[in-house]
Structures are given as C-alpha cells and as structure tokens.
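Small disclaimer: the values here were computed from a predicted structure and weren't measured. Side chains included, hydrogens not; waters and symmetry mates left out as well; all remaining heavy atoms used.
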Amino acid sequence: MRKSKKILALAMALCMTVGLTACGGNNNTTGNTTPAANTPTTTASAGDSTATPGARTATGLDLTACIASEPETIDPSLNSSVDGATYVMHVFEGLMKYQKVGDTDSEIVYGQAESHEVSDDGLVYTFHLRDDIYWSDGVPVTANDFVYGWQRLVDPNTASDYCYIIDMVKNSTKIQSGELQPSELGIVALDEKTVQITLESPCVYFMELGAFASLMPLRKDIVEGNDSWTFDPATYVGNGCYKMTEWEHDSYIKMVPNEYYYDYSAMGPDSITWRLMDDANAMLAAWRNGEIDFINDMPVDEVQTLLADGTLKVLPQLGIYAVVYQVQNPPFDNPLVREALSLAIDRNYICENITQMGQLPATAWVPSGVGDGNGGDFREIGGEYYSVAKEDYEANCEKARQLLAEAGYPGGEGFPVISYLYNTSDNHKKIAEAVAYMWESELGIKTQLSNQDWNVFLQTREDGDFEAARHGWVADYNDSANFLELWTTGNSNNYAQWSNEEYDSLIAGAVTETDLAKRAEMLHQAEDIVMSENIAAPLYFYVDKYMLNDRVGNVYHTPIGYFFFMEASLK
C-alpha cells in the first residue's frame, strides 16, 4: 500500500495546518470575539451584476480527464461521491480551499474568505469575505449565499446524505430532526461580507470543513424551486475558478475558466473536459492514444507493467475498501455469519494479486494515517482486530467454519446463495470474484455477482436494496470520527442499516467532548463495537493511483482523494 510514514506526515501536516488556524495560531485570529446582531442582507439577483470580466492569456492547454462515469449528482448539497465533489470544487469555492504545495500535495488556505476570528471558547467563528468575489454570471457573492447553502444542507426537505457533516453547528441536529427550522441554524450574515458561525461545542477540524464540497455558497434565486438547476449550464452558476459549459450525459462534462473569478488570469487549462467512462480498458486505450490526459482507473492485468515503466503513479490516500452487509434481513442479521464471512477473505491475496499497488490489508475500520484528534495516529493506537499474517489465514478460516456452524450452517449447509453487488469496474469485478471464490471454497457458500452503473449503484446501496455490496470510504476530513460516525442510527451513509444505542451514545459524546483524550477514547470504544459486530468486512486501505500525460504538469492532490486541475499547464 502506501508508505506509512509519508502518509502520516501528509495527514498530520494537514491536520496541523487546520488546527493552528482554528486555535488562533495565525495573524488573522483574535480572541474575545463578541457575536454581533444578526443583520442579514438580501441575496443579490442576476440584475445586480456590477462585475467586469477579467483578462486572461490562453495557455494552449485543453485538458481531458476521466475520474468516473456519469455522476449521480453535481448538486453540492446532494453529492456524496469523490468524483461529484471534484466537479463541484472546480465550479464552486467555499470559505476555504485546497491550494497546491510541492509537486502534487495541497494544503487548506483561505478561499472566498480573506480572514477570520475565533472566540476564546472556540465556539464562534467570524469569517470576512473578499471584496472581489462574484458568481459566474457577474453577481457579487454575499454572506447570505453561504447562509442559504448551509441551511439548505441541513433542511430535511433537501434529504442530503451529508447533513450530518455540520452536526457541530448550533441547532443543526434539531433542524435535521424537524424540531427547528433551517433559519435557526447557527450561521448568520452580519453584513454582506461577514459570515458568523456558532458551534454547539469546539471542533478540532472545523476549519478544514470550510473547503468541503457540501458547504459551498448557493444562489437562492437560482436553486429554489428549480430541481434541474444543475443540468443546465445557464443555471449551474458557481463562484469558483471554472464554469460548466456543456454536459453530454454519459459522455462528457466541459468546463472553461470563470472570467469573474478573482484569480481568473492564473487559471491553467483553457478548458477541462471530463470524460464519463467506466470501462478501464477503454480508458487506458484513450490515454495511450492521447485522447485523455488523466485517468485514475486501469485494467488490473496492466498494473504491474504500468508501474514498472513509470506511467502509473501512486499517492497516499486516507480511505478503506470493504464489503458491507445489509443487517436487517437473515442470514446477515446474525453477527456470527458476518464474522465468518469476514474471516474467510484472504486480504493478502487481493492486495498482492489483484490491486497490486502497495495497498495494505485492512485490520480495522479506521485506516492508518488518520488522526485521533489528540495528536496521535488512530490506527497505531487502536491496533489490529484480527491477524492478516499469511500464516494465520488458515486459522482464520477454521474459526470462520466454527462460527458458521454455531450460526446453524455447518459446512455452509442450508445457507442461501449470497447476492453481491458492485459498481461496474474491472477492478471491482475481480475483487468480487475472488471474494466469492473464498466464501465457496472455505465455507461452502455460493455467491451470485451483479453489477450496476455508478450512479444507479449509489442509489441502490443507499436504499439498502442489497445483501452484500462493495463499499468504500475516503476521508472528508482527517479525523477518525469521519469514519466512525457513518454507522450511527439513521446516518444516510449507514448502508448496513445497523443500529446500536451504545454506539450512538459514544459518537454523540465524542462530538461534544472537549477533553481530547477522553474524546479519542470514546472513538476507540466505538470502533470496538463496530468491529465486534462485523457490519462490514474491511479489505484494504486505499491508495490513489493515476496516469498523467507527460505534456501536462501542475496537477495536485489531497490525501482525502481529490485531484485538482485548475492550475494544470503544458510542460
């Protein structure tokens, strides 16, 4: 997998950058902030445009990239995928943003905000917006655009998968449960250029959320009452560095620099065309003949050759690949069955013979390199929940057979055929086939494989309309809570549809706990429960892979899975 020291350094550097900012460690942070009265302004309408388009010299680069097939959505409030977030972050910009540092890495810096203050108790954040920020139709960006975007995220009528991402904001959870109205969320516009956010409790990673794709400002006059606003370039109005000009569904999305963006003159590609494909062989062929400059998927059988000749690059990523079980229905409602299935998977075989890019077999749910919020590596402190040593695989399988017999299925007798769902991909197919073979050869359980297109698969899995399914999670921010909060009751990303009161209580306590050592301990206890229940079988910890045309430079990346192309240039 990844080089553990490097990924930890990257992850902790990002965490330290965010932490110092949040704790008042820069020149823009002062204490003793007193919240001002709420004097909201009216969101600007399209007729209020006062901006003048910027000037830019063409770079001669029309970049083509493929990061996924047709996205489920590119609505910032509704998106829940890495590919969707990547498109969003090229068209929109939050209070903060990711900026290139070094050859391929990034760091969190100010985006639409130019400064901020944090109150001494860590509960009130006041952001001051830049004066030169505009929407792609020339209308000024105001503080109320952020207020509307955040309120829309937690509004139950929006039904966002990511509404929980700002549970730390005052009244957020009560709004999601219907107890309060979205207008009562702890975010207000003090004036046209000042956004003030009040938290329920201090949050060690709050500043990092300022760059998160779900927390972008939105234009109420465009979004409200228009369910198809994201499909039309005329209404997909953003405040970021690029704007969408075409979307040929299941074929491509095209973007060009936004002439009203404050850094318009520094934008790289004259256009970015996102090819929408799921056939790894077709992607590689298109890359080899120069039709596509960037791909992040390739046929399994080609990996070793591509690594050897240097065309395939690998970067650290904070994420996990797993099999998730829908625990509401038998036989997956039995923890013994779930544990048996997990133990029978040979993770070393999958990493060495299928993925073949240095991934490490997963021994827990939270990956290596993820912080515990108290300055430590959560995985190093938490340790392993089962052995992935090659010499222990047979012992794992023997225990799995015993568990299966205890559950009432000796030798797999009487066990129904498992339906295993994955999204269309050569890699996912090979992994599914390997897992199915292991379950049959070691446990006597047969598996029927089925695949769906990416956007369909996402909805099927979210609906819980499966028995076992391919699962993956990449960090939204560098903290173990981001991996563990997925399994809380009612969380839209809790595909297992599992519920445990003790677990919910631990996660809720960690959200409000100000003692970071106690918070970390609560999260470790929560992972103990998840792993003992085996609601998902972790297979391996992710790395990011990509191939980039030699003519292109200045593409950058973050360990939470995003690639950025706005500064790309011809070498």
Would you tell me whether [X] and [Y] have side-chain atoms, one donor and one acceptor, within less than 3.5 Å of each other?
| X | Y | result |
| --- | --- | --- |
| Ser425 | Asn427 | no |
| Asp392 | Tyr386 | no |
| Ser419 | Gln448 | no |
| Gln452 | Thr460 | yes |
| Thr424 | Asp278 | no |
| Asn493 | Trp473 | no |
| Tyr321 | Gln359 | no |
| Ser172 | Gln176 | yes |
| His428 | Asn451 | no |

[X] (side chain) donor-acceptor with [Y] (main chain) under 3.5 angstrom:
| X | Y | answer |
| --- | --- | --- |
| Arg347 | Pro538 | yes |
| Ser201 | Thr514 | no |
| Asp121 | Leu123 | yes |
| Gln326 | Gly464 | yes |
| Tyr393 | Ser387 | no |
| Thr158 | Arg152 | yes |
| Glu380 | Ser368 | no |
| Asp504 | Thr489 | yes |
| Asn226 | Val223 | no |

To the nearest 0.5 angstrom, please state how far the [atom1] atom of [X] sits from the [atom2] atom of [Y].
| X | Y | atom1 | atom2 | result |
| --- | --- | --- | --- | --- |
| Ser119 | Tyr125 | OG | OH | 8.0 Å |
| Tyr562 | His90 | OH | NE2 | 12.5 Å |
| Lys446 | Trp439 | NZ | CH2 | 14.5 Å |
| Asn494 | Glu485 | CG | CD | 11.5 Å |
| Leu78 | Thr73 | CG | OG1 | 5.0 Å |

### Query
Taking only residues two or more places apart in sequence, or in another chain, which ones meet Asn374 in a side-chain hydrogen bond (donor to acceptor under 3.5 Å, both in side chains)?
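For Asn374 there are no side-chain hydrogen bond (donor to acceptor under 3.5 Å, both in side chains) partners, ignoring immediate neighbours.
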Which atom pairs, one a donor and one an acceptor, fall under 3.5 Å between side chains of residues 178-185 and the rest of the protein, sequence neighbours left out?
| unit_1 | atom_1 | unit_2 | atom_2 | d |
| --- | --- | --- | --- | --- |
| Glu179 | OE2 | Ser177 | OG | 3.0 |
| Glu184 | OE2 | Gln181 | N | 2.9 |

### Task
Enumerate the residue pairs fulfilling salt bridge (Lys or Arg N to Asp or Glu O under 4.0 Å) with a member in residues 506-535, sequence neighbours excluded, ordered by first and then second residue.
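Output for this query lists Arg338-Glu533, Arg379-Glu527, Asp479-Arg519.
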#### Entry: Flag if over 12 foreign heavy atoms under 6.0 Å of NZ, Lys545
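Result for NZ/Lys545: enclosed.
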### Task
Count the heavy atoms belonging to other residues, nucleotides or ligands that lie under 6.0 Å from CD of Gln328, then report whether that count exceeds 12.
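Yes, because the 6.0 Å sphere around CD of Gln328 holds more than 12 heavy atoms from other groups.
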### Task
May I have the step-by-step check of ring pair (Phe, Tyr, Trp, His ring centres under 6.0 Å) for Tyr162 and Phe212, ending in yes or no?
CA-CA 10 Å; Tyr162 267 115; Phe212 190 60; 5.0 Å; yes
#### Entry: Passing candidate, ring pair (Phe, Tyr, Trp, His ring centres under 6.0 Å) with His471, options Trp365, Tyr325, Tyr422
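Output: one option passes, namely Trp365.
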#### Entry: Parallel, tilted or perpendicular, as decided by the 30° and 60° cut-offs, for the rings of Tyr503 and Trp498
perpendicular
## Note on the structure
Per side chain to side chain contact (heavy atoms under 4.5 Å, CB included), Trp150 is matched among Val195, Ile187, Asp145, Asp155 by Ile187
